[in-house]
Undergrad: 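The structure is given below, and queries will be raised subsequently.
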Amino acid sequence: MKTYQANEIKNISLMGGSGSGKTTLIEAMLYESGIVKRRGTVEAQNTVSDYFPVEKEYGYSVFATVCNIEFAGKKLNIIDCPGSDDFAGGMVTSLNVTDAAVIVLSANGGVEVGTQNNYRYAENMHKPVAFVINKLDHENANFDRTVEQLKESFGNKVAVVQYPVNAGTGFNAVIDVLQMKMYKWKAEGGAPEVVDIPADEQGKAEELQAALFEMAAEADEALMEKYFEEMVLTPEETHRGLKKVFAEAGVYPVLCTSAARDMGVRKLMEFLGEIAPAVSEAPMPKTEDGKEVKCDASAPASMFIFKTSVEPHIGEVNYFKVMSGTIHGADDLQNMSRGSKERITQLYWVDGSLRQTIDEVAAGDIAATVKLKDSRTGNTLNSKDCDYVFPQIQYPEPKYRRAIRPVTESDAEKLSALLTRMHEEDPTWVIEQSKELKQTIVSGQGEFHLRTLKWRLENNEKMPIVYEEPKIPYRETITKAARADYRHKKQSGGAGQFGEVHLIVEPYVEGEPVKETYKFGNQEYKISVKDTQEIPLEWGGKLVLINSIVGGAIDARFIPAILKGLMDRIEQGPLTGSYARDVRVIIYDGKMHPVDSNEISFRLAGRNAFAEAFRNANPKVLEPIYDVEIFVPSDMMGDVMSDVTGRRGVVLGMHTEKSFTRLQAQIPLKEMSSYSTTLSSLTGGRASFTMKFNSYQLVPADVQEKLIKEYQESLKEED
């Protein structure tokens, strides 16, 4: 079996919104390349790409699927990405190891929010984009309207390479303005008949070809000069120019297919084989320390694992890209991420559920292996003479969260292990064992994303689980200064316990100095700072401890014990039992006993003095606020804005992008519980959003009262 080199390999992400026909298109590609002898369908649940049980159940792509296709002397490594934004992790994974993106959209649906999302991911990762207008055989297919929408959304870089002659149920022909020929298909599709362009289409074809000439000429000055002189380019010059300008994302070619009828698929593959950048022509990847790595098959070996999955009848499969050198079966490699050693036992080219055993994989190529002991997604494996470490894939922030627990309490440990494995398969399933909330929180990209996790646990792993509303990680803080003192005294025969602590608490604000004098009632307290400790809290904010003790009232050896007492109470605020933050504590006085004073005495004295002072310092509840960015069709903006304000959201700004609007807002986490479901309902699935933690802010008075009441009732129930 041939080992392909970097100049022969094209790594491509196949993207598209739900319902665009992506899975059907990859099935037709596999058929055209001879990998499958019969094309499967989504309806029959027999496609090569969507082969996981959950994908068959829902009729959606859930995982990014690798397909290694040999065609016309090239190796097309095409990764079929999930269409739903709930599974955006698959798109991000794919774009990290490919050099171009093909975005599929349906001729009847046109540009949808999924198309916009796909493009944004590709643009953010600096990948060139080609558009494929599929389903041209649909009764409501409208090619011209779809192209107009593409230009409205993505600008004048959109360039028609092919257009249909008879879109609709009778579709069977396209005109290729790059080749200036018409392709006609028989009812079974496949290889087209190549004929001359009809006279009544000649003018339109020449106009579109002229636009391609102009874009191709922008590739270099020599082509530009020739084009201005002669107003025409040869096919070779056009091809060379388009290839260069496409790699620079200077043109977005538009091609035509009816994947279900296998029309246009072969021509699409030919176009990608010629125009898409080979690995040797793509930008060089960089290591964590910024070093560029040349795609050289003779260099030291390095591979990056971009996907790990547990697959039916096989077990754990690791998908990787060879970043440098050549990987062979039986190679011994060092896992640079984990410090362990691995032996490569078997190598495969994969096409969804199909596998071919291979002996070696050269730089730039994508393949799979099994039975690695300690290697997972994001790990770099090297030969002994290589020290590359490639950066982890950066996934989008979660935007839907639920508490999860097993139906049978004794299964908690087993569930934890399963969730860890699921996260390794899909890193956008984020798992948190929250000591604070006393819940296991699972976060994902949307309600459907977590529903898929539940389906897999219950059907594949036979683990019944329950989703519950997650608690909110509130915080408590103080809004004014207060003082308190507490004496701990205990005598019960023999040595007793004695410790007395006098302290002041006040809100901590970064950069704000300690005052020299504090006044409470009619008494003033002068502060002389002897020592300062700033303790960053793992849940955010700080506790700052000031030692202002004079005259040896408390020995310095008891200060750590007092700090332990403060930490005991800061983990359970008096209002809602939530963690406290951003508090400065000034210990200014106290007493000790020459015999009875010890660490436990001062720990208890510090704890109780702090608790009393905190209660007297006008404590308030803080709630997590998230930055939310909503991408919504402009004609639906009113309903979305009303919903945002109804969630106590604050609109920060709006930015119109053609027919869509980007709305920026800040919304409390409490109000985001089921937002993905609501937004989908409001917009018919045409909107999307992202969310990211911003800060903690005071809750409104009525909300605080409600939270305090709920906490007090929960304490009574525990009693």
Side-chain angles (χ1 to χ4, degrees), residues 14-69 71 76 78-84 86-87 90 94 102 104-109 112 114 132-141 168-172 185-191 256-266 268-269 309-314 317 348-356 368 448-449 451-452 455-456 458-460 685:
L14 186 65
M15 306 160 72
S18 298
S20 61
K22 236 179 354 66
T23 300
T24 304
L25 178 58
I26 194 71
E27 193 76 10
M29 288 180 168
L30 294 170
Y31 176 75
E32 284 292 342
S33 61
I35 292 170
V36 298
K37 303 303 180 186
R38 184 177 179 181
R39 289 181 293 139
T41 65
V42 173
E43 294 75 19
Q45 299 184 354
N46 61 352
T47 59
V48 170
S49 183
D50 288 357
Y51 61 95
F52 280 86
V54 68
E55 294 176 311
K56 294 180 180 181
E57 171 72 16
Y58 287 129
Y60 284 99
S61 298
V62 170
F63 303 102
T65 304
V66 176
C67 292
N68 299 125
I69 298 173
F71 187 80
L76 304 180
I78 299 179
I79 304 183
D80 179 16
C81 304
S84 170
D86 275 27
F87 303 101
S94 174
V102 172
V104 184
L105 57 164
S106 64
N108 56 305
E112 299 178 312
V132 173
I133 300 179
N134 190 32
K135 297 189 176 182
L136 284 164
D137 57 322
H138 193 280
E139 61 182 354
N140 296 322
T169 53
F171 170 73
N172 70 343
W185 287 273
K186 296 179 180 179
E188 65 274 14
C256 300
T257 61
S258 167
R261 295 187 183 181
D262 190 17
M263 296 178 181
V265 177
R266 183 174 298 194
L268 169 63
M269 295 169 72
S309 67
V310 177
E311 307 200 4
H313 314 300
I314 298 174
V317 180
Y348 299 98
W349 280 347
V350 294
D351 290 288
S353 59
L354 307 177
R355 285 161 185 78
Q356 302 177 61
F448 184 34
H449 193 207
R451 183 152 39 99
T452 301
W455 191 96
R456 292 189 69 199
E458 295 187 336
N459 290 274
N460 295 352

Undergrad: Evaluate E27 against R39 for salt bridge (Lys or Arg N to Asp or Glu O under 4.0 Å), listing each step before the verdict.
TA: CA-CA 6 Å; E27 193 76 10; R39 289 181 293 139; over 6 Å; no
Undergrad: Tell me, please, which residues at least two apart from N460 pass side-chain contact (heavy atoms from CB on, under 4.5 Å).
TA: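 Counting only residues at least two positions away or on another chain, N460 forms a side-chain contact (heavy atoms from CB on, under 4.5 Å) with P53, W455, R456.
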Undergrad: Can you give me the closest heavy-atom contact between S49 and T23, atom names plus distance?
TA: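 That would be CB-CG2, 4.2 Å.
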Undergrad: Answer yes or no: is there a donor N or O on one side and an acceptor on the other, between the side chain of R38 and the main chain of V36, under 3.5 Å?
TA: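 Not a single qualifying donor-acceptor pair exists.
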Undergrad: Decide yes or no for V48 and S353: does some side-chain heavy atom of the first lie under 4.5 Å from some side-chain heavy atom of the second?
TA: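 Answer yes - side chains close enough.
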Undergrad: With rounding to the nearest 0.5 angstrom, report the OG1 to CD1 distance, T47 to I26.
TA: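 Reported to 0.5 Å precision, the distance equals 10.5 Å.
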Undergrad: For E55, give me all partners under salt bridge (Lys or Arg N to Asp or Glu O under 4.0 Å), at least two apart in sequence or on another chain.
TA: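 Not a single residue meets the salt bridge (Lys or Arg N to Asp or Glu O under 4.0 Å) criterion with E55.
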Undergrad: When you compare the side chain of Y51 with that of E311, does any pair of heavy atoms fall below 4.5 Å?
TA: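 In short, these two side chains touch, coming nearer than 4.5 Å.
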Undergrad: Within the structure provided, determine whether V317 and S309 are in side-chain contact (heavy-atom separation under 4.5 Å).
TA: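 Of all side-chain heavy-atom pairs linking S309 with V317, at least one is under 4.5 Å.
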Undergrad: Is any side-chain heavy atom of V132 less than 4.5 Å from a side-chain heavy atom of L105?
TA: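 No; the side chains remain at least 4.5 Å from each other.
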Undergrad: Measure the CE-OG1 distance between M269 and T257 for me, rounded to the nearest 0.5 Å.
TA: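 Answer rounded to 0.5 Å: 12.5 Å.
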Undergrad: Nearest 0.5 Å, please: how far is CG in L30 from CG in D80?
TA: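 D80 atom CG to L30 atom CG measures 9.5 Å (nearest 0.5 Å).
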Undergrad: Residues two or more places apart in sequence or in another chain: which of them pass ring pair (Phe, Tyr, Trp, His ring centres under 6.0 Å) with F63?
TA: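 Per chain and number, F63 pairs via ring pair (Phe, Tyr, Trp, His ring centres under 6.0 Å) with F52.
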Undergrad: Could you pull out all residues at least two apart from E112 that satisfy side-chain contact (heavy atoms from CB on, under 4.5 Å)?
TA: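 For E112, the residues satisfying side-chain contact (heavy atoms from CB on, under 4.5 Å) (neighbours in sequence not counted) are T115.
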Undergrad: Quick one: salt bridge (Lys or Arg N to Asp or Glu O under 4.0 Å) partners of E57, sequence neighbours excluded?
TA: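 Expected list: none.
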Undergrad: Write down the atom of T65, the atom of G352, and the distance for their closest heavy-atom approach.
TA: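 Scanning both residues completely, I find the closest heavy atoms to be CG2-CA, 3.4 Å.
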Undergrad: State whether a side-chain donor-acceptor pair under 3.5 Å links S61 with D50.
TA: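 Short answer, yes.
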Undergrad: Does D137 have any side-chain contact (heavy atoms from CB on, under 4.5 Å) partners at least two apart in sequence or in another chain, and if so, which?
TA: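 K135, F171, S258, R261.
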Undergrad: Measuring from T169:OG1 to L136:CG, what's the distance to the nearest 0.5 Å?
TA: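 Rounded to the nearest 0.5 Å, the OG1-CG separation comes to 12.0 Å.
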Undergrad: Are any non-hydrogen side-chain atoms of H449 and F87 less than 4.5 angstrom apart?
TA: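 A side-chain contact under 4.5 Å exists here.
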Undergrad: Distance check, rounded to the nearest 0.5 Å: M29 atom CE versus L268 atom CG?
TA: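 Between atom CE of M29 and atom CG of L268 there are 4.0 Å.
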